[in-house]
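In what follows, every chain begins at residue 1, and chains take the letters A, B, ... in the order their sequences are listed.
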Amino acid sequence: MDLDLTPDQAGLVDAVGKLTAPFATQPAGAAQDFLVSAELEDRLTESGFREVATIDGMGAVDAVLLTEAVAALPYVTEFAASAIVAPKLGIPAGRPTVLMQSPETPTRHLTGGGIALIADGGDVRVMDLTGCDIEVLKTPFGYPLGRLRSPEMDGERIVGTAPILRQWWHVALAAEIGAVARAAVDLAVQYVTDRRQFGRAIGSYQAVQHRLSECSVAVEAIRQLTRRAAATEDMQDALTAAAYAKEACAQIIYDTQQFHGAIGVTYEYPLHLWTYRLRLLQGELGSFAETASELADARWG
Amino acid sequence: MDWNWSEEHRAFRQKIRDVLEKHLPADWEAKSKLDTSSAYVSRFSREFCPILAREGLLIPHWPKAYGGGGVDAFHHWILGEEMFAVGDPRSYQYMNVNWVGPAILRYGTEAQKQEHIGRIAAGTHIWCQGFSEPSAGSDLASLTTRAERTGDGYVIDGMKIWTSGASLADYCFMLARTGGVRHEGISVFLVPMDAPGVRAKPIPNLMGEFSLHETVFDRVEVPESARLGDEGQGWSIVRQVMFNERIGQPRYTLAMRAMDRAVKRLKDKGRFGGQSMRTDAGRAHAALTAAQSLALKVIDGRVKGHPADAFTSVARYALVAADRQVADFLGAYLSDDLMAYADPLISAAYRRTGSTGIAAGAAEIQLNLVSRDYLHLPKG
């Protein structure tokens with residue numbers, strides 16, 4: 001038991017922080033549902049960070065640590081699926097990866113190219129998305145979203161790996177929720193520290209302090225649960241992290257938006273980049289209730 | 001980062017389980033009701049703790065020079081997990097080994113160490129904690145119990161309340177004002193409970209047989225050597241103590257066992273099913289695992305010698321939240337068992353959740369500390 005980052009892991013987190021530093025703030029005047037950057041994509045691809053789990057001596061924990069950093073950027077990029085999930089299925093590393101609940105479901109990062117992983121009974125299909133006809137969806141949900149115009153399931157079948165896909169999808173989701181939720185809470189803490197009403201900072205009111213502190217407890221718990229699930233590689237731990245994270249979304253979305261007042265629902269202010277991502281993530285691969293009952297089944301049969 | 005227990009840690013846990021298996025009576029749950037504060041458990045602790053001492057399991061985390069094993073804080077935590085899971089057969093001696101002894105080792109004179117440490121290490125004495133007063137609960141610094149200087153010692157006058165185990169205890173680790181205002185002028189005294197003028201009256205309550213008392217100190221004369229540390233050093237000593245106490249008992253282990261038992265009972269009755277029940281069970285399990293994971297992070301810091309900080313309150317609040325989920329689950333789905341006292345473990349876990357958000361600082365105080373010292377939010 002040693003819950004600190006190793007020097008290698010600390011170095012990794014430091015390196016990804018430096019690499020992505022130019023993308024750590026929302027550019028002035030931006031007013032979109034989400035931000036993407038080809039340069040960020042290129043930097044991440046060149047860095048080889050998506051392949052970290054396949055490097056000797058590294059693994060899922062390292063992929064989770066990098067996901068925590070990348071998913072907390074105001075710019076969105078597919079990272080968790082290719083870094084955390086694909087390696088567990090033995091899929092050659094580094095290709096942009098989309099996780100699909102079904103061929104019909106609107107899906108994050110489904111914009112063309114890369115591969116899609118989709119459960120087909122007990123197996124996983126690896127669909128090549130090159131040349132697929134994709135309908136781009138305009139939504140407020142903080143991610144590029146698309147849907148296959150011809151929803152058919154094809155591609156190579158990896159036999160018996162559907163449970164592995166689900167396990168690591170839960171871990172990836174928990175890592176993303178943890179990072180996005182932390183960014184939302186950090187932003188709210190900064191806002192209530194700066195914003196003054198009735199002659200004092202609104203963050204000095206206990207009504208605000210306690211709720212943000214509860215959000216902070218949740219954010220810290222998600223981090224530990226996710227890292228634990230990555231380290232133990234245990235299905236129950238994966239479901240625990242995902243269930244806890246999904247339940248926490250409700251309070252974090254509401255409170256961070258509430259404490260911002262109206263500025264929090266404008267495009268000029270970045271809060272929506274976090275809250276609307278959380279709104280999507282809290283339902284991906286099942287609701288909190290479904291994930292928690294799946295956890296109960298895993299623990300007690 | 002490594003979330004797996006080492007071979008040494010696993011062997012240590014197994015050794016504790018073996019000792020519990022061998023020495024707890026077969027009807028332990030029925031007799032003890034898993035009530036740390038009961039007369040039965042406290043009597044039992046006076047036989048059981050000497051056995052733990054012989055096995056090297058009473059103070060394994062203390063320095064070797066004082067009879068400990070010199071092992072890391074994870075060993076101490078594993079010991080706590082296994083003990084709390086069975087209702088803590090050490091009774092209130094858990095406080096001796098968790099923080100009373102360590103505080104005496106850190107702040108005590110050689111004579112105080114001579115007087116107290118050997119007895120704590122032998123497992124024969126019970127201590128209680130005299131902090132809260134009728135008008136000083138969350139606002140502990142407003143305490144008014146006074147210790148007036150006399151020629152060669154002090155006279156202590158005042159009243160403590162909510163004192164756990166006071167009528168079972170041999171000594172009280174208590175706070176009294178030696179002067180000054182608020183945090184300044186508070187000192188720690190180590191007072192024998194049989195000193196003339198000390199009276200402990202149990203307060204009937206829902207938590208446990210002797211878990212709450214009113215403790216009167218009526219002109220109690222103590223020598224100067226009963227004071228721990230310097231005059232006025234009490235607040236800094238107690239802050240350290242509270243950090244240890246907030247994450248001092250792994251309460252989640254009893255609750256996890258109770259959840260396992262509860263689901264088994266529901267299954268036996270053919271009642272475990274339906275998504276809402278399974279969701280609530282999963283929610284409670286996730287909350288307990290979150291509490292455990294955050295507590296382990298706190299202990300990891302102790303292992304590395306990091307100073308305690310407000311992350312302790314983050315972990316404590318998660319513990320409070322988890323116990324609340326467990327109480328809600330048991331109350332909602334096993335009310336028949338609770339009313340019929342059908343299972344001591346389930347009833348004990350249900351009962352104990354009532355104090356998690358109150359003991360060691362109210363949950364709202366924990367949130368204050370998180371706001372101020374963790375999130376650094378502006379002062380009111």
Side-chain angles (χ1 to χ4, degrees), chain A residues 1-6 9 61-62 65 185-186 189 192-193 200-206 208-218 220-225 227-232 236-237 239-245 247 287-301, chain B residues 1-6 9 72 74 77 259-260 263-264 266-267 272 274-294 296-297 299-301 303-304 311 313-318 320-321 363-364 366-372 374-380:
Chain A
M1 189 72 57
D2 181 350
L3 305 187
D4 276 343
L5 306 190
T6 63
Q9 287 168 337
V61 172
D62 306 277
L65 294 174
V185 172
D186 286 351
V189 165
V192 302
T193 301
R200 57 195 270 204
I202 60 173
S204 68
Y205 290 102
Q206 207 172 37
V208 174
Q209 291 185 340
H210 281 194
R211 278 160 59 184
L212 277 178
S213 293
E214 285 186 333
C215 290
S216 180
V217 170
E220 296 301 340
I222 297 168
R223 169 174 279 182
Q224 296 309 323
L225 288 172
R227 292 176 177 183
R228 174 180 177 151
T232 62
Q236 251 185 58
D237 282 342
L239 286 163
T240 298
Y244 187 97
E247 187 176 34
S287 65
F288 154 69
E290 287 162 326
T291 309
S293 66
E294 198 178 334
L295 167 60
D297 292 344
R299 181 161 179 86
W300 294 294
Chain B
M1 188 183 305
D2 183 1
W3 279 85
N4 294 305
W5 293 110
S6 67
H9 287 138
D72 68 27
F74 279 130
W77 194 247
M259 281 300 298
D260 289 346
V263 171
K264 183 177 182 310
L266 286 164
K267 283 185 165 183
F272 191 67
Q275 186 170 300
S276 64
M277 186 189 290
R278 288 182 297 125
T279 294
D280 288 347
R283 171 193 280 124
H285 181 70
L288 287 166
T289 310
Q292 182 190 42
S293 303
L294 289 170
L296 288 172
K297 182 69 180 159
I299 305 304
D300 187 62
V303 168
K304 289 161 185 158
F311 193 83
S313 290
V314 171
R316 178 72 189 192
Y317 193 76
V320 174
E364 290 69 26
Q366 311 300 337
L367 292 178
N368 284 352
L369 294 171
V370 174
S371 303
R372 188 189 70 189
Y374 199 71
L375 296 179
H376 306 292
L377 286 169
K379 280 187 182 157

key: Non-hydrogen side-chain atoms of B/Leu369 and B/Tyr374 separated by less than 4.5 Å   = no
query = Looking at A/Arg299, A/Arg227, A/Glu247, A/Glu290, which has the largest count of heavy-atom pairs under 4.5 Å with chain B?
reply = A/Arg299
ask   = So, for A/Val185 and A/Cys215, which heavy atoms are closest and what is the spacing to 0.1 Å?
value = CG2-CB, 3.8 Å
inquiry  = At a 4.5 Å cut-off on heavy atoms, which part of B/Lys297 comes close to chain A: side chain, backbone, both, or neither?
reply    = both
ask   = Checking B/Ile299 against chain A: side chain, backbone, both or neither under 4.5 Å from a heavy atom?
value = neither
task = Indicate yes or no: at least one non-hydrogen side-chain atom of B/Val370 is less than 4.5 angstrom from one of B/Tyr317.
result = no
inquiry  = Are B/Arg278 and B/Phe272 packed together at the side-chain level, in the sense that at least one heavy-atom pair is separated by less than 4.5 angstrom?
reply    = yes
key: B/Met259 side chain near B/His285 side chain, heavy-atom distance below 4.5 Å   = no
query = Given the options A/Ala218, A/Ala221, A/Ala289, A/Ala243, which has more heavy-atom pairs under 4.5 Å with chain B than any of the others?
reply = A/Ala289
request  = Would you please name every residue forming a ring pair (Phe, Tyr, Trp, His ring centres under 6.0 Å) with B/His9, sequence neighbours left out?
outcome  = B/Trp5, B/Phe74, B/His75
ask   = Is chain A contacted by the side chain of B/Met277, its backbone, both, or neither, given a heavy-atom distance below 4.5 Å?
value = neither
Residue part contacting chain B, namely of A/Val217, when any heavy atom lies under 4.5 Å = both
message = Does any backbone or side-chain atom of B/Val263 lie under 4.5 Å from a heavy atom of chain A? Answer side chain, backbone, both or neither.
response = side chain
key: Under 4.5 Å from any heavy atom of chain A - which part of B/Gln366   = neither
Partner chain B: residue of A/Ala201, A/Gly301, A/Ala241, A/Ala230 with the largest heavy-atom pair count (under 4.5 Å) = A/Gly301
ask   = Given a strict heavy-atom distance threshold of 4.5 Å, which part of A/Asp186 is in contact with chain B: side chain, backbone, both, or neither?
value = neither
query = What are the two closest non-hydrogen atoms of A/Val192 and A/Val208, and how far apart are they?
reply = CG1-CG1, 4.0 Å
request  = Name all residues meeting the salt bridge (charged side-chain N to carboxylate O under 4.0 Å, His left out) criterion together with B/Lys304; count only those two or more places apart in sequence or in a different chain, and write none if there are none.
outcome  = A/Asp2, A/Asp4, B/Asp300
Per-residue contact mode, B/Asp260 against chain A (heavy atom under 4.5 angstrom) = both
ask   = Is there side-chain contact between A/Leu225 and A/Asp237, with heavy atoms separated by less than 4.5 Å?
value = no
message = Below 4.5 Å, heavy-atom pairs only: which of A/Gln236, A/Gln9, A/Arg223, A/Glu220 has the largest tally toward chain B?
response = A/Glu220
remark   = Turns out that what part of A/Leu65 lies under 4.5 Å from chain B's heavy atoms comes down to side chain
request  = Please determine, among B/His376, B/Lys267, B/Lys264, the option with the most heavy-atom pairs under 4.5 Å with chain A.
outcome  = B/Lys267
task = Report the option among B/Pro378, B/Gly301, B/Ala290 that has the most heavy-atom pairs separated by less than 4.5 Å from atoms of chain A.
result = B/Pro378
query = Donor-acceptor pair, A/Ser216 side chain versus A/Leu212 backbone, under 3.5 Å?
reply = no
query = So which of A/Gln206, A/Arg211, A/Glu214, A/Arg200 has the largest heavy-atom pair count under 4.5 angstrom toward chain B?
reply = A/Glu214
Engaged part of B/Asn368 at the chain A interface, taking heavy atoms whose separation is under 4.5 Å = both
task = Output yes when a side-chain donor or acceptor of A/Gln224 lies under 3.5 Å from a complementary backbone atom of B/Ala291, and no otherwise.
result = no
